[in-house]
Each structure stands twice: as C-alpha cells, then as structure tokens.
**Student:** 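Mind having a look at this structure? Questions to follow.
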Amino acid sequence: MTAEIIVVTSGKGGVGKTTTSASLATGLAMAGKKVAVIDFDVGLRNLDLIMGCERRVVYDFVNVVHGEATLKQSLIKDKRHENLFVLAASQTRDKDALTQEGVEKVLDGLSEDGFDYVVCDSPAGIEKGAHLAMYFADHAVVVVNPEVSSVRDSDRILGLLASKTRRAERGEKPITQHLLLTRYNPARVAIGEMLSVKDVEEILGISVVGVIPESENVLTASNNGIPVIVDANSLAGQAYSDTVARILGEERPLRFIDVPKKGFLQRVFGG
Amino acid sequence: MNAKAETADACDLRFGQVGIACVRVRRVDAAALCDELERRVRAAPAMFARAAVVLDLSHLLNLPDDGAVDALLEAVRSAGMLPVGLAYGTSETEALAKRMGLPLIAKFRAAYEPVAGGSSAADEPAPSGKAKAREPASAEPDLREPILSAPVPGSSIGAQHHLGAVRSGQQIYARDRDLIVTGAVANGAEVIADGNIHIYGGLRGRAMAGAQGDEKARIYVSDFRAELVAIAGQYRVFEQIPDDLEGQSVQCWLDGEKLLIAKL
C-alpha cells in the first residue's frame with residue numbers, strides 16, 4: 001500500500017494554494033483517510049497557521065529531510081481529526097534546504113506509516129520548492145483564479161507537470177490533473193469582469209474539478225486557523241466538500257457558479 | 001517470463017536520428033572550451049545541461065594527443081555536458097576513439113554544416129582563428145524547454161505530430177519537416193517548423209513556419225487567436241486580433257515579403 005501523493009500547485013502566488021491544501025487534506029481526513037499535509041514553502045511557511053497548529057511546531061520538514069528529527073517527532077496531529085497530520089515548513093531556512101532524496105525519503109516514510117494521502121502544498125513559482133513539491137506526485141490540483149495571469153501561469157504548470165515529474169521522466173501513467181477554480185465571483189463573471197468557468201476550461205483544455213466561490217468565510221477561517229471546509233455553513237466550505245468528493249471519484253454537480261437570486265427580504269434590506 | 005517466447009517483439013533495433021549536440025573544437029584549449037560551454041549551459045540550461053554531446057576534432061589541423069583529448073573531454077564534462085563519443089573523421093580519429101573507449105558517431109548533416117554555408121566536409125580543416133566552440137545548427141533557435149520528439153525511424157520526411165496541448169513556456173520544433181499539432185497552443189507557447197505548421201485547435205501563442213527560410217511554408221490554424229505568426233522570418237504580431245479572423249480557421253502564407261492571413 002503506497003500513499004497517493006497530491007500536489008496543490010498554481011505557479012502564481014496568492015491564488016489559494018494553502019487554503020486549498022488545508023481544506024483538501026481536512027476533507028480527505030473527514031472521509032476517513034489517513035492524511036499528511038506537507039508545507040513545501042520553506043522560508044514562508046503558512047500552512048501551520050491555516051491549520052491552526054502554529055504553536056505546536058517543534059520539528060519541521062527540513063529537520064526530517066536532514067535527518068535531525070524523525071517523522072514521528074515532526075508530524076503534528078490535527079486537533080479536530082485524529083487521522084490528519086501536518087508537517088510544517090521551516091521558516092528560518094530557504095528552499096535549497098530541501099533535496100530530492102530527502103523529500104523522497106519523507107514521502108516513502110509516510111507510505112510505510114500507512115498514510116493514504118499525502119498533500120503537498122507547493123510554494124508559488126516554478127523554482128526548486130515548487131519542482132520538488134510536484135516531482136513525486138500522483139495527482140495534481142492546479143489552483144487557478146478566474147483572471148488571465150493566473151490562467152497563463154497554470155498553463156505553464158500543467159506543462160511542467162507533464163514533463164518535469166518523476167512519472168513523466170519514467171514514462172509512467174501521467175499525473176492526474178485536477179483544475180480547481182477559486183475566488184470565483186459569479187456576479188463579476190456575469191458583467192464580464194472575470195473569466196467564466198467555460199473560458200478557463202477552454203483556454204486550458206481541461207475541465208474543472210471544482211469551483212470555489214469568493215467568500216469572506218475563507219479569510220475568517222484562515223485567520224482563526226480553521227480550514228474553511230470545516231465550516232459546513234459557508235459556500236466555500238461546501239464547494240470544497242464537493243471537490244474532495246469528486247477527487248475521491250464521486251460525481252457531484254457544480255454549485256455556486258451562477259449569480260444567486262436574491263429573495264424579497266434580501267432585496268429590501270440588501271444582502 | 002517465458003524465455004522461449006518469441007523474442008522478435010522484445011525490441012526494435014534501428015538506426016534513428018537522435019538529438020545530440022556536436023562540439024566542434026577549433027582550438028586545443030580546454031580552459032577556453034570549458035568557459036564557453038559553461039556559458040552556453042548557463043544561458044539555456046534546459047537545452048544543454050547534461051546534454052549528450054559529440055566531440056568533433058576534425059576542424060583541428062593536427063589531431064591532439066590522448067592527454068589533450070582527455071582534457072577536452074573533461075572540460076566538456078565540467079561544463080555540465082556529457083560527452084558520449086567522437087565525431088567520425090579520419091582513421092587517426094578512429095584509432096584515438098578506440099584508445100579512449102569512446103564510440104565514433106557518424107556524420108549527421110545538420111550538425112556538420114554551418115547554417116551560413118562555408119566549410120561543410122568533416123575532413124576539410126577550417127581556419128582555426130576562432131576560439132569559439134560552435135554549437136550545432138540544431139541549437140540555433142533558443143529552445144528553453146524543448147520537447148524533443150525523435151523522428152520516426154525509417155520514415156523519410158514525414159511530419160512531426162504533437163498530440164495534445166502545447167502549454168505556456170513549452171516549445172516544439174520540427175526540424176526539416178512539417179509540424180502537426182492536435183490540440184491548443186497556449187499563450188506563451190511556441191511551435192516552430194522548418195516546413196508547414198498545422199494546428200487543429202486554438203493558436204493563442206506563436207507559430208513560426210519555414211524557420212530555415214522556406215518562403216513556401218504555410219501555417220494552418222483551426223481556431224486563430226495568435227500572439228505572433230511568422231513564415232521564413234517575416235512575422236506579424238497581433239496586439240488586437242482582427243475581428244474577422246478571431247476564432248476562425250485561417251491559413252497564413254508569404255506573398256513576396258508580405259505575410260498574408262485569410263479565412264479558410
């Protein structure tokens with residue numbers, strides 16, 4: 001039994017990779033899987049904040065890669081889900097502290113420990129950190145915002161996923177690519193300020209696995225260290241639940257992609 | 001595995017063209033060679049880092065001795081490339097290759113003939129004034145992230161096929177042949193061919209046909225949204241795609257020095 005490795009990547013920064021990694025990992029754990037989520041953004045670590053475990057980081061990813069700590073010592077158990085673990089990045093090092101062999105050793109270690117899924121939260125860019133995050137992946141979740149620069153960067157990443165990964169180098173079955181559209185605002189799409197789902201799918205030539213609506217809950221959840229998927233009342237949380245289900249093979253219709261119709265009271269009092 | 005099984009299908013053994021860079025040494029100066037190659041590797045690491053190279057000594061007036069050749073090979077290696085053999089030359093070269101335990105790689109046209117004409121034969125010594133180690137013609141376009149698809153062995157000049165999308169930042173070059181892309185060419189992607197280019201999908205990036213100067217080359221696109229199209233060096237950029245062409249299937253050809261585009 002080997003762990004399925006999922007990289008969450010985008011090329012562009014600030015599109016919601018870490019938010020997605022946190023919610024994806026949490027969602028998989030809620031589905032009963034044993035999950036580890038690794039922050040590859042060495043030097044600019046954030047995942048621990050979003051996961052709400054920043055005060056419990058003792059040893060980090062770089063320590064394990066360098067053999068200064070064991071996996072067991074470094075994995076931080078999530079406070080809400082006992083089958084979810086976080087491996088934080090090191091804030092005091094830089095991305096050169098990671099090595100391909102070291103990363104492979106950590107991923108193999110997680111496989112041996114019986115993890116079902118390892119979610120790799122990639123840093124922005126296409127340099128070493130991003131390369132290592134995607135190199136061993138079996139699945140990729142490419143996070144894209146409905147705007148042209150993000151779409152172009154995602155296109156670049158899709159190309160790299162198809163050429164610069166272990167599966168590509170070994171000529172194995174290619175990485176399963178999932179396109180996740182985040183920060184989607186149907187109202188702004190309707191007036192032509194944002195690209196539509198269809199536009200993005202057409203430009204990139206692959207279909208989306210989920211559409212996460214732009215939502216204030218995301219920021220609130222992040223600031224409170226709670227992955228937004230935990231908030232079952234928020235639209236973003238529900239959209240992430242749908243996405244996780246789809247990645248696990250379930251069929252679910254896309255939601256929250258049309259302008260919500262306002263009820264009478266909302267129209268009177270504003271909503 | 002059944003050892004008695006039919007083994008004929010275990011492999012195909014053919015002579016095919018493969019992309020190997022050729023380092024034509026013009027001066028026995030290992031340090032200069034190393035510096036120059038290092039510069040090339042730095043400039044285009046995706047192209048040259050750990051690239052297989054053949055050392056061509058035929059342009060030197062006298063074949064250097066074994067020690068000097070060793071130093072040259074070491075220079076190539078320390079520059080980050082991987083020497084895999086010596087280029088075919090005289091019987092002296094053959095003896096040298098044997099002593100070095102390296103294969104002799106037979107002459108392949110593109111690597112031997114400089115683009116601007118000039119000396120082409122392997123056994124014709126060139127003026128040794130230039131210090132630069134020349135890169136092969138195949139490396140002329142600045143390929144940052146080339147998709148090297150080896151031509152089908154055995155076929156004479158068939159087109160090169162690319163199935164699926166060409167992503168932003170990728171570059172595809174069909175040397176001496178047509179290029180057929182079934183999929184979209186994204187913004188920031190480049191498709192280049194010495195012959196014609198056919199794109200069955202959206203062209204949002206760049207397409208350059210007749211890259212070696214064939215003015216008869218054409219570009220056919222089924223969904224035109226290009227950043228740039230070029231034929232034999234004549235190019236047009238599209239800051240704004242004309243309304244009557246956007247999203248249409250078009251062909252581009254050269255009429256004199258004018259690059260024309262029309263709906264199909």
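In what follows, chains carry the letters A, B, and so on, assigned in the order in which the sequence lines appear, proteins first and then strands, with residues in each chain numbered from 1.
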**Student:** Using atom types as modelled and distance alone, determine if a side-chain donor or acceptor of Arg167(B) lies under 3.5 Å from a backbone N or O of Leu204(A).
**Tutor:** yes
**Student:** I'd like to know whether CG of Asp244(B) has more than 12 heavy-atom contacts from other residues, nucleotides or ligands below 6.0 angstrom.
**Tutor:** yes
**Student:** Not counting sequence neighbours, which residues clear side chain to side chain contact (heavy atoms under 4.5 Å, CB included) with Ala189(B)? List them please.
**Tutor:** Val166(B), Val185(B)
**Student:** Between Ile126(A), Asp155(A), Leu158(A), which residue shows the highest count of heavy-atom pairs closer than 4.5 Å to chain B?
**Tutor:** Asp155(A)
**Student:** Strictly by side-chain hydrogen bond (donor to acceptor under 3.5 Å, both in side chains), give each pair with a member in residues 197-209 of chain A just once, sequence neighbours left out.
**Tutor:** Ser196(A)-Asp199(A)
**Student:** Using heavy-atom distances under 4.5 Å, tell me whether Ala186(B) contacts chain A through its side chain, its backbone, both, or neither.
**Tutor:** both
**Student:** Might you point out which heavy atoms bring Arg152(A) and Ser168(B) nearest each other, and give the distance in Å?
**Tutor:** CG-OG, 3.6 Å
